[in-house]
Trainee: 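I have a structure here, written as structure tokens, and I will follow up with some questions on it.
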Amino acid sequence: MRRLGWVWPCALLIAGCPNGCSDKGTEEADAGPVVTGPELLNEKEPNERPEQALTLGRDATVSASLGADPSKPDEDWYRLAPNSPRVADVSVSGIPGGDVLLEVYDAPGVRSAGINSAGDGKPERFPNLYVEGERWVRVASARKGTGGAYTLEVRYHMPEDGVEREPNDRAVDASPMQLGQAVAGFIGHAADEDWYRLELPEPPAGAVPPPAPEPAPAPTPGAPTEAQPPPAEGQPAPEGTETQPPSPSEAAANPEAAPAPTGEGDPAAAGAQAQQPGGFQVPVPVPGQGGLQPAPEEPPAMALKIELTGIEGVRAELSVLSAAEAPLFVTPKGKEGEGYSLRNIGVRASDRVVYVVVKSGWVGSGKEAKRGFNSEKPYTLTVTQEEAGANAELEPNDELYKATTLPTYGYKEGFLSPKGDVDNFVLKTTEPVLAKVELSGVERMDLELSVIAPPEGEGQKETVLQRANDGTIKEPERLNNVACSGTCYFRVQGASRKVDGKWVRDYENADQPYRISVTTVPDDGSQEREPNNTQERAMELTPGKAVRGTVYPLKDVDYYRLDLSDRPVRTPMKVTLLGILKVDVGLYLHRVGEDGKLSLVQTADRARGDQPEVIRYSAEPGVYLLEVRDARNREANFQDAYQLTVEEGE
């Protein structure tokens with residue numbers, strides 16, 4: 001050790017010390033003590049008031065204790081005052097047999113946060129307290145008569161972009177975020193709420209849709225129209241009408257009678273078809289054609305994609321609020337530890353600022369209910385704008401009164417996410433129409449498409465009028481000739497499946513959207529009006545006027561009502577049903593009794609493919625129902641239409 005004492009002077013000589021090693025007139029500047037870790041401090045009593053608080057300007061570990069005298073509750077105050085803006089990680093150890101309380105004050109008397117979530121003997125932590133100038137921390141016992149030794153630790157670090165700054169549990173304190181920016185935060189205690197302020201871009205010029213084109217003038221009486229039914233068998237066509245295309249069997253027997261392909265020789269008609277996912281051909285309206293009065297346009301809106309990673313031990317809840325803090329969207333009840341991938345969350349075009357709020361939801365019930373928290377592991381929140389734009393469904397639309405509006409011609413794109421998501425759509429018309437609704441398939445999902453009738457009165461339930469679930473995973477669904485006069489509701493959801501003995505709807509795909517497409521035509525009485533699968537919803541028939549319909553979806557039943565109650569005597573009639581490919585159509589004639597019950601009087605169901613079925617019957621005065629369905633209840637055909645005609649006389 002003695003030899004080492006000569007190393008330092010010799011090194012100076014070698015370096016060329018100008019005054020020699022013995023020059024005592026030269027003094028080196030003192031750089032001060034080197035900071036090697038947090039300060040180790042002891043609390044200084046009295047510290048029961050903010051003005052007596054121990055100041056902590058840098059990382060520190062403080063050894064302290066709380067008195068247990070119930071007549072004189074003890075509390076300890078600390079002042080956080082770093083030299084520049086910092087984020088403080090503040091924690092207090094648990095007190096054996098006691099419940100410690102940690103509070104934060106912006107100024108003496110101005111409390112901004114309180115943490116008391118862990119319980120007896122356990123620590124409390126505030127992992128990301130933002131300190132721009134100074135704040136105060138108060139440590140106390142949550143119950144009188146308890147106390148003991150504890151350790152307070154404060155660790156500072158530089159503020160980072162994309163990280164929440166507590167306290168931010170109010171709109172006025174909301175952490176700013178931008179579209180496309182990932183932010184990190186903590187649910188640090190049970191009552192923690194994290195508010196983020198999101199400024200939305202101005203809508204681009206032209207975002208408001210232009211006025212719809214003027215409808216085409218009504219056809220002149222007597223002029224030919226494509227929607228007129230064919231004449232009855234053996235009778236000439238009415239003057240000024242065109243007949244419907246022949247049935248598949250007739251077309252095969254007489255190719256010259258088959259109609260030309262759609263759009264042949266008509267560029268406008270050829271351009272009126274657009275290929276849709278799933279292989280559908282969806283007509284696109286041609287300006288000046290169609291004759292439909294367009295429904296009022298909905299105000300433009302923006303759709304957001306929101307992703308929140310899971311938080312261990314927390315059932316996260318997320319909501320989107322307007323600038324006035326009105327709820328625009330609230331997540332359904334999820335599971336502990338699960339995150340969210342939310343698609344097409346709708347905000348109005350008038351919303352320039354929205355708030356995204358993350359908090360912990362209740363788990364359990366009664367006295368066992370609690371809210372989880374995790375001050376160790378952060379979550380990540382990201383909000384981006386959806387690419388679908390004006391064609392996006394807008395969440396929330398899980399209730400009929402929140403339904404997304406469908407165009408009379410066009411489509412919407414949506415997602416079923418999270419699990420159990422239900423999307424409702426509404427079609428609004430100004431005159432009676434028939435709608436063809438098509439739902440594309442989605443990877444890993446079995447979808448279901450339904451027609452819904454809203455509740456008829458307070459306390460009543462909605463009614464599923466018709467349901468299409470013919471396809472399985474990835475396959476499309478369709479509904480034909482849905483009659484709509486005013487307002488009609490459609491629902492998209494995952495199909496039911498049995499998991500562990502329970503029926504659930506748990507399909508989910510937050511990556512691939514479905515597309516729900518709509519085309520409408522005026523309801524002129526030549527097409528069936530779906531849903532007509534019950535006696536009460538049977539479509540009225542007029543003798544001599546043919547009606548076309550489809551046996552779709554699977555097990556579809558079509559009822560038609562024939563009222564002969566005003567006839568004085570029996571009415572001989574002939575009912576003809578022209579068949580279709582794939583389906584062995586059956587024809588059934590029922591009489592409606594005075595009690596409303598049906599009695600079957602005659603059938604024609606020879607199951608001969610697309611060959612016609614015929615019923616000849618002498619009907620007594622009364623009301624009759626004609627039933628059309630697959631005779632074997634195992635096939636359907638969404639593309640080809642049967643034709644039903646009732647003729648009086650032999």
Side-chain angles (χ1 to χ4, degrees), residues 274-282 303 305 332 340-346 386 388 391-400 402-407 410-427 435-453 462-482 488-499 502-519 530-531 533 550-556 635-639:
Q275 183 71 30
Q276 298 293 325
F280 320 134
Q281 290 289 339
V282 177
K305 176 183 179 181
Y340 292 100
S341 183
L342 307 171
R343 305 301 302 264
N344 290 339
I345 305 303
E386 292 281 17
N391 292 321
E393 55 129 356
L394 298 176
E395 295 279 2
N397 59 354
D398 53 338
E399 301 288 344
L400 291 184
K402 299 177 182 177
T404 299
T405 300
L406 288 170
Y411 67 91
K412 292 287 185 179
E413 286 190 347
F415 294 87
L416 287 184
S417 179
K419 293 180 180 179
D421 185 22
V422 174
D423 294 340
N424 289 298
F425 297 87
V426 60
L427 177 63
K436 179 181 181 182
V437 184
E438 302 178 323
L439 178 65
S440 68
V442 177
E443 298 281 352
R444 308 188 308 276
M445 297 189 72
D446 180 10
L447 298 181
E448 182 178 286
L449 176 64
S450 305
V451 182
I452 307 295
E462 63 191 27
T463 304
V464 179
L465 301 178
Q466 192 176 23
R467 179 184 288 114
N469 184 221
D470 287 6
T472 57
I473 301 295
K474 195 181 174 181
E475 294 184 323
E477 302 293 346
R478 305 170 179 85
L479 290 171
N480 290 337
N481 293 343
V482 179
C488 292
Y489 293 94
F490 300 90
R491 175 170 296 165
V492 176
Q493 61 185 336
S496 294
R497 63 175 174 173
K498 205 169 189 178
V499 178
K502 295 182 179 179
W503 288 98
V504 297
R505 297 181 186 270
D506 62 347
Y507 288 106
E508 177 186 23
N509 190 329
D511 301 317
Q512 181 185 358
Y514 64 80
R515 178 173 289 191
I516 180 170
S517 306
V518 181
T519 58
E530 289 279 9
N533 49 4
T550 56
V551 179
Y552 192 85
L554 198 65
K555 297 185 179 181
D556 182 30
E635 296 290 352
N637 186 333
F638 68 88
Q639 186 176 24

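Residue indices begin at 1 and follow the sequence shown. Atom set for the values below is all heavy atoms of this structure, side chains included, hydrogens, waters and symmetry mates excluded. As the structure is a computational prediction, the values presented were derived from the model and not from experiment.
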Trainee: So do Val426 and Thr404 actually touch side chain to side chain, heavy atoms under 4.5 Å?
Mentor: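 Heavy-atom side-chain distance check fails, nothing below 4.5 Å.
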Trainee: For the atom pair CD (Gln512) and OG (Ser440), what is the distance rounded to the nearest 0.5 Å?
Mentor: 7.5 Å
Trainee: Taking atom NZ of Lys305 and atom CD1 of Ile345, what is their separation to the nearest 0.5 Å?
Mentor: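 Output value for this atom pair is 12.0 Å.
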Trainee: Say whether, by atom type as modelled, one donor and one acceptor occur between the side chain of Glu395 and the main chain of Arg343 under 3.5 angstrom.
Mentor: no
Trainee: Between Arg478 and Asp470, is a salt bridge (charged side-chain N to carboxylate O under 4.0 Å, His left out) present by the stated rule, with each step listed?
Mentor: CA-CA 9 Å; Arg478 305 170 179 85; Asp470 287 6; over 6 Å; no
Trainee: If you look at every heavy atom in Asn397 and Ala403, which pair is closest and at what distance?
Mentor: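 Heavy-atom minimum between the residues: CB-CA, 4.2 Å.
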Trainee: Quick one: does Tyr507's side chain get under 4.5 Å of Ile473's, heavy atoms only?
Mentor: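 The answer is yes; the side chains approach within 4.5 Å.
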Trainee: Salt bridge check, Glu443 against Lys474: does any charged N sit closer than 4.0 Å to a carboxylate O?
Mentor: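 Yes, charged N to carboxylate O under 4.0 Å.
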Trainee: Could you check if a side-chain atom of Asn424 sits within less than 4.5 angstrom of a side-chain atom of Tyr489, using non-hydrogen atoms only?
Mentor: no
Trainee: Going from CG on Leu479 to SG on Cys488, what distance comes out if it is rounded to the nearest 0.5 angstrom?
Mentor: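 Atom-to-atom, Leu479:CG and Cys488:SG are 11.5 Å apart.
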Trainee: Would you give the length of the straight line joining atom OH of Tyr514 to atom CD of Glu393, rounded to the nearest 0.5 angstrom?
Mentor: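 It is 4.0 Å, given to the nearest 0.5 Å.
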Trainee: Looking at every heavy atom in both Ala636 and Tyr552, which two are closest together, and how far apart are they?
Mentor: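 Closest approach of Ala636 to Tyr552: CB-CD1, 3.8 Å.
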Trainee: Counting distance only, does the side-chain N/O of Asn480 pair as donor-acceptor with the main-chain N or O of Lys436 below 3.5 Å?
Mentor: no
Trainee: With a 4.5 Å cut-off on side-chain heavy atoms, are Pro407 and Lys412 touching?
Mentor: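 Counting from C-beta outward, Lys412 and Pro407 do come under 4.5 Å.
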Trainee: So which heavy atom on Tyr411 is nearest to which on Ser517, and how close?
Mentor: CB-OG, 3.7 Å
Trainee: So does Lys402 have more than 12 non-hydrogen atoms from other groups sitting under 6.0 Å from NZ?
Mentor: yes
Trainee: Shortest non-hydrogen contact from Ala435 to Leu427?
Mentor: CB-CD2, 3.8 Å
Trainee: Tell me if a side-chain donor or acceptor on Asn469 pairs with a main-chain N or O of Leu447 at a distance below 3.5 Å.
Mentor: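 Confirmed, Asn469 side chain pairs with Leu447 backbone.
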Trainee: Are side-chain heavy atoms of Pro418 and Glu508 found at a separation under 4.5 Å?
Mentor: yes
Trainee: Can you name the closest pair of heavy atoms from Leu416 and Gly494 and give their distance?
Mentor: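 Scanning both residues completely, I find the closest heavy atoms to be CD1-N, 3.5 Å.
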Trainee: Can you tell me if Asn533 uses its side chain to pair, donor with acceptor, with the backbone of Gln466 under 3.5 Å?
Mentor: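 Checked: no pair found.
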Trainee: So, the side chain of Asn344 versus the backbone of Glu413: is there a donor-acceptor pair under 3.5 Å, distance only?
Mentor: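 Yes; judged by distance alone, with no hydrogens or angles, the pair exists.
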Trainee: Just by distance, do the side chain of Thr463 and the backbone of Ala453 share a donor-acceptor pair under 3.5 Å?
Mentor: no
Trainee: I want to check something: taking the side chain as every heavy atom from C-beta on, are Val482 and Leu465 in contact at a cut-off of under 4.5 Å?
Mentor: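 Sidechains of Leu465 and Val482: no contact.
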Trainee: Tyr340: what forms a ring-ring contact (aromatic ring centres under 6.0 Å, His included) with it, not counting sequence neighbours?
Mentor: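 With neighbours one apart ignored, the set is empty.
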Trainee: Looking only at non-hydrogen atoms, find the nearest pair between Gln639 and Asn637 and report the distance.
Mentor: N-OD1, 2.9 Å
Trainee: Report the residues that fulfil ring-ring contact (aromatic ring centres under 6.0 Å, His included) with Phe490, sequence neighbours left out, ordered by chain and then residue number.
Mentor: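 Not a single residue meets the ring-ring contact (aromatic ring centres under 6.0 Å, His included) criterion with Phe490.
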Trainee: Ser496: which residues meet the side-chain hydrogen bond (donor to acceptor under 3.5 Å, both in side chains) condition with it, sequence neighbours left out?
Mentor: Arg505
Trainee: Would a 4.5 Å heavy-atom cut-off, applied to side chains only, mark Phe638 and Thr550 as touching?
Mentor: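 No; the side chains remain at least 4.5 Å from each other.
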Trainee: Could you check Val464 against Ile452 for side-chain contact (heavy atoms from CB on, under 4.5 Å), going step by step and ending with a plain yes or no?
Mentor: CA-CA 5 Å; Val464 179; Ile452 307 295; 3.7 Å; yes
Trainee: Using only atom types and a distance under 3.5 Å, with no angle test, would you say the side chain of Glu477 pairs donor to acceptor with the backbone of Leu449?
Mentor: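 Here the side-chain-to-backbone pair does not exist.
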